[in-house]
S.K.: 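I am attaching a structure below and will ask some questions about it afterwards.
Along the sequence shown, residues are numbered consecutively beginning with 1.
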Amino acid sequence: MATSRMDILKYNRQAWDKLVGQSNQWTVPVSAQAIEKARQGTWSIVLTPTKPVPQAWFGELAGTKVLCLAGGGGQQAPLLAAAGANVTVLDNSPLQLSQDRSVAQREGLQLETLQGDMMNLHQIDADRFDLIVNPCSINFVPSAPRVWREAFRVLRPGGQLMTGFTNPLYYLFDYWAMEQGQLQVKHRIPYSDTESLNGTDRQRLIDAGEPMEFGHSL
């Protein structure tokens with residue numbers, strides 16, 4: 001597949017659908033026990049892989065309009081809904097969204113799910129949300145500024161964006177060398193799997209069905 005003709009949105013949609021089938025950790029829905037605790041006021045979500053967001057940062061969630069942006073997978077959105085928020089989740093992957101719908105049906109939660117591109121939120125009205133929760137996913141789209149502009153448009157005045165992202169310095173290093181425990185500086189920032197890798201290394205990712213990633217410079 002030539003990168004000049006690669007449809008990143010479509011390719012990454014298919015890659016994440018495949019990861020759902022493989023039970024990747026970011027595609028496994030939360031348990032019934034976690035939902036019950038959230039209803040009782042005890043819950044936590046992550047925006048980066050290991051560090052929970054302090055619950056105090058969210059304030060009172062009851063009635064708050066929340067967008068889980070590129071946050072499918074049956075994790076953040078159901079917990080926030082169980083905690084009292086009015087939640088919409090947008091994701092590029094239909095199967096990731098199916099995980100959210102599955103939890104909502106199982107637990108009797110109200111969730112709106114939208115399939116779409118986080119860089120183009122045309123299906124969402126301006127000034128709609130009090131809070132956007134964007135777990136570590138901006139590294140799967142080529143333009144961070146487009147995401148931030150769209151987020152600003154759909155947030156109400158005074159609204160809040162919480163986001164997690166991969167440190168761009170990560171993309172300086174050769175991925176396969178890191179897998180062997182070696183740090184070898186190989187790339188420049190901003191980084192793109194579609195442009196920074198040679199054809200052989202890029203094809204290795206495609207053959208493995210891995211999503212294409214981008215290391216942004218802000």
S.K.: Report yes if some heavy atom in the side chain of D91 is under 4.5 Å from a heavy atom in the side chain of W16; otherwise report no.
M.R.: no

S.K.: Is any side-chain heavy atom of R188 closer than 4.5 Å to a side-chain heavy atom of S196?
M.R.: no

S.K.: Output yes when a side-chain donor or acceptor of N12 lies under 3.5 Å from a complementary backbone atom of P211, and no otherwise.
M.R.: no

S.K.: As a quick check of understanding, evaluate side-chain contact (heavy atoms from CB on, under 4.5 Å) for D130 and Q160, giving each step before the final call.
M.R.: CA-CA 6 Å; D130 303 298; Q160 184 178 13; over 6 Å; no

S.K.: Show the nearest heavy-atom pair for residues W43 and Q55, with the distance to one decimal.
M.R.: O-OE1, 3.0 Å

S.K.: Spell out, as yes or no, whether a donor-acceptor pair under 3.5 Å connects the side chain of S102 to the backbone of Q99.
M.R.: no

S.K.: Mind checking whether L47 and L155 sit in one hydrophobic cluster, side chains of I, L, V, M, F, W, Y counted as touching below 4.5 Å?
M.R.: no

S.K.: Output yes when R204 and D207 qualify as a salt bridge under the 4.0 Å nitrogen-oxygen rule, no when they do not.
M.R.: no

S.K.: Whether the side chain of N139 engages the backbone of G215 through a donor-acceptor N/O pair (distance < 3.5 Å, no angle test) should be reported.
M.R.: no

S.K.: A quick test of your reading: do over 12 heavy atoms of other residues, nucleotides or ligands sit less than 6.0 Å from CD of Q22?
M.R.: yes

S.K.: Among T163, I124, V89, V147, which residue satisfies the side chain to side chain contact (heavy atoms under 4.5 Å, CB included) criterion with L69?
M.R.: V147

S.K.: With the side chain counted from C-beta on, respond yes when Q96 and L19 share a heavy-atom pair under 4.5 Å apart, and no when they do not.
M.R.: no

S.K.: Is there a path of hydrophobic side-chain contacts, each under 4.5 Å between heavy atoms of I, L, V, M, F, W or Y residues, that connects F140 with Y170?
M.R.: no

S.K.: Under a 3.5 Å distance rule, please check whether H216 uses its side chain to pair with a backbone N or O of F165 as donor and acceptor.
M.R.: no

S.K.: Assigning hydrophobic clusters by single linkage (Ile, Leu, Val, Met, Phe, Trp, Tyr; side-chain heavy-atom cutoff under 4.5 Å), is F58 placed with L79?
M.R.: yes

S.K.: Just checking, any donor-acceptor pair under 3.5 angstrom between side chains of Q182 and Q180?
M.R.: no

S.K.: Is the backbone of A15 close enough, under 3.5 Å, to the side chain of E210 for a donor and an acceptor to pair up by distance?
M.R.: no

S.K.: Treating E107 as the side-chain partner and L109 as the backbone partner, does any N or O pair qualify as donor plus acceptor under 3.5 Å?
M.R.: no

S.K.: Rounded to the nearest 0.5 Å, how far does CG of L131 lie from NZ of K65?
M.R.: 13.5 Å

S.K.: Strictly distance-based, threshold 3.5 Å: is any side-chain N or O of Q184 a donor or acceptor partner for the main-chain N or O of D174?
M.R.: no

S.K.: Let me confirm one number: the OG1-CZ distance from T200 to R202, rounded to the nearest 0.5 Å.
M.R.: 9.0 Å

S.K.: Let me confirm one number: the CZ-CG distance from R149 to L121, rounded to the nearest 0.5 Å.
M.R.: 12.0 Å

S.K.: Check S217 against I189 and note the closest heavy-atom contact, atom names and distance.
M.R.: CB-CG2, 3.8 Å

S.K.: In Å, rounded to the nearest 0.5 Å, how long is the span from OG1 of T166 to CD1 of I138?
M.R.: 10.5 Å

S.K.: Got a second to check how far K18's NZ is from S93's OG, nearest 0.5 Å?
M.R.: 13.5 Å

S.K.: Using the side-chain contact (heavy atoms from CB on, under 4.5 Å) rule, take E150 and R153 through it: C-alpha gap first, then chi angles, then the decisive distance, then the call.
M.R.: CA-CA 5 Å; E150 285 292 87; R153 183 183 65 81; 3.2 Å; yes

S.K.: Do the non-hydrogen side-chain atoms of R101 and L111 ever get within less than 4.5 Å of each other?
M.R.: no

S.K.: What I'd like to find out is whether the side chain of F214 reaches to under 4.5 Å of the side chain of I8, using heavy atoms alone.
M.R.: yes

S.K.: Is a side-chain donor or acceptor of R13 paired with a backbone partner of N92 at a separation under 3.5 angstrom?
M.R.: yes

S.K.: Is there a path of hydrophobic side-chain contacts, each under 4.5 Å between heavy atoms, that joins L67 and M162?
M.R.: no

S.K.: Determine, step by step, whether V141 and R146 satisfy the side-chain contact (heavy atoms from CB on, under 4.5 Å) criterion, reporting the C-alpha distance in whole Å, the side-chain angles of both residues, the deciding distance to 0.1 Å, and the verdict.
M.R.: CA-CA 10 Å; V141 293; R146 287 176 62 183; over 6 Å; no

S.K.: Tell me whether L169 is reachable from Y171 by hopping between hydrophobic residues (I, L, V, M, F, W, Y) whose side-chain heavy atoms are closer than 4.5 Å.
M.R.: yes

S.K.: Is there a donor-acceptor contact under 3.5 Å from the side chain of Q75 to the main chain of Q25?
M.R.: yes

S.K.: Please report the closest heavy-atom contact between Y191 and E213, naming both atoms and the distance.
M.R.: CE2-O, 4.0 Å

S.K.: Where do S44 and P52 come nearest, in terms of heavy atoms and distance?
M.R.: CB-CB, 4.1 Å

S.K.: Do Q110 and N86 come within less than 4.5 Å of each other through their side chains, counting heavy atoms only?
M.R.: no

S.K.: Taking all non-hydrogen atoms of both residues into account, name the closest pair between E112 and L114 and its distance.
M.R.: OE2-CD2, 3.8 Å

S.K.: Can you name the nearest heavy-atom pair linking G116 to L90, along with the distance?
M.R.: O-CD2, 3.7 Å

S.K.: Quick one: are M118 and N134 in side-chain contact, heavy atoms under 4.5 Å?
M.R.: yes

S.K.: Measuring only between side-chain heavy atoms, which start at C-beta, is D100 closer than 4.5 Å to V87?
M.R.: no

S.K.: How many angstroms lie between atom CG of D201 and atom OH of Y175, to the nearest 0.5 angstrom?
M.R.: 11.5 Å

